[in-house]
Amino acid sequence: AVGIYALAIYVLLTFKESPRVATTVINDTHTRQRNHWVLGWVLSCVFLMGLVIAQRATIYLVFIHQAFPQLGLKGIFIIFAINPMMVVLFQPLIVHGFRQKNKILLCGSGAFLMGAGMAMLLCPDSLLLVIAAAIVYTIGEMLFFAVAQLVVYEHGGHQAKGRHLGAFK
């Protein structure tokens, strides 16, 4: 998983986003090729992040129960409640706060934070470390998915925005 994050960050950080809005009419071949390249990489990263989320969803419950058996359902509830509460309370603020930043860089940062949150679970010494890992992972998730969807929308052609957003889902 760390290799996937490193590749995603490398690709997303090496891309230089132009300051103009990508929703204008696309006339030149270079811009079309660049937009297809960006769409391909972002959608590939979305797919790879989806694999990580699926892996987390299938074994996270078992991991928490084995790492902290003394907490029972209370510990599991605390850790599972962090993600939706943070998304509902803080995603609009976080995304709004970063709206003027490079979107490709934000996608890479979000993927990195998701990977860092998962890597923090390699040696869970305490419940606080697992809670911190959940917070880091959730911040990365909020950044990556919100901004990646915007990038896919902006870099899709006028006639294909819906198709590209469908591929994103």
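Index from 1, following the sequence. Remember, predicted model here, so these are calculated numbers, not experimental data.
Atom SG in C107 sits 15.5 Å away from atom CZ in F112 (nearest 0.5 Å). Distance check, rounded to the nearest 0.5 Å: OG of S109 to NZ of K101 gives 11.0 Å.
For residues 120-129, no pair satisfies side chain to side chain donor-acceptor pair (under 3.5 Å), with sequence neighbours left out. Every pair passing ring-ring contact (aromatic ring centres under 6.0 Å, His included) that includes a residue from residues 56-79 is listed here, sequence neighbours excluded: Y60-F80. Within the structure, side chain to side chain donor-acceptor pair (under 3.5 Å) pairs that include any residue of residues 79-92 comprise N83-T138, N83-E141 (at least two apart or interchain).
Of the residues I59, L51, I53, the one that meets the side-chain contact (heavy atoms from CB on, under 4.5 Å) test with Q55 is I59. With I79 as the partner, the side-chain contact (heavy atoms from CB on, under 4.5 Å) test is satisfied by one option alone out of L127, L71, L61: L127.
When all heavy atoms are compared, the tightest approach of N102 to I104 is OD1-N, 2.9 Å. Smallest separation of non-hydrogen atoms from G117 and A133: O-CB, 3.4 Å. The two residues G110 and L143 have their closest heavy-atom pair at CA-CB, 4.0 Å. Heavy-atom minimum distance, M114 versus G140: CG-C, 3.6 Å.
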> Would L113 and Y137 satisfy side chain to side chain contact (heavy atoms under 4.5 Å, CB included), going step by step from the backbone distance to the final call?
Replying inline: CA-CA 6 Å; L113 288 173; Y137 178 88; over 6 Å; no

>> Between V95 and M142, does the side chain to side chain contact (heavy atoms under 4.5 Å, CB included) criterion hold? Intermediate values first, please.
In response: CA-CA 8 Å; V95 172; M142 289 187 287; 5.6 Å; no

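Few gaps surround CG on L93; more than 12 heavy atoms of other groups in view lie less than 6.0 Å from it.
One hydrophobic cluster, built from ILVMFWY side chains closer than 4.5 Å, cannot hold both I131 and M85; they sit in different ones. Note: the hydrophobic cluster containing M86 also contains L89 (ILVMFWY, side chain heavy atoms under 4.5 Å, direct or indirect links).
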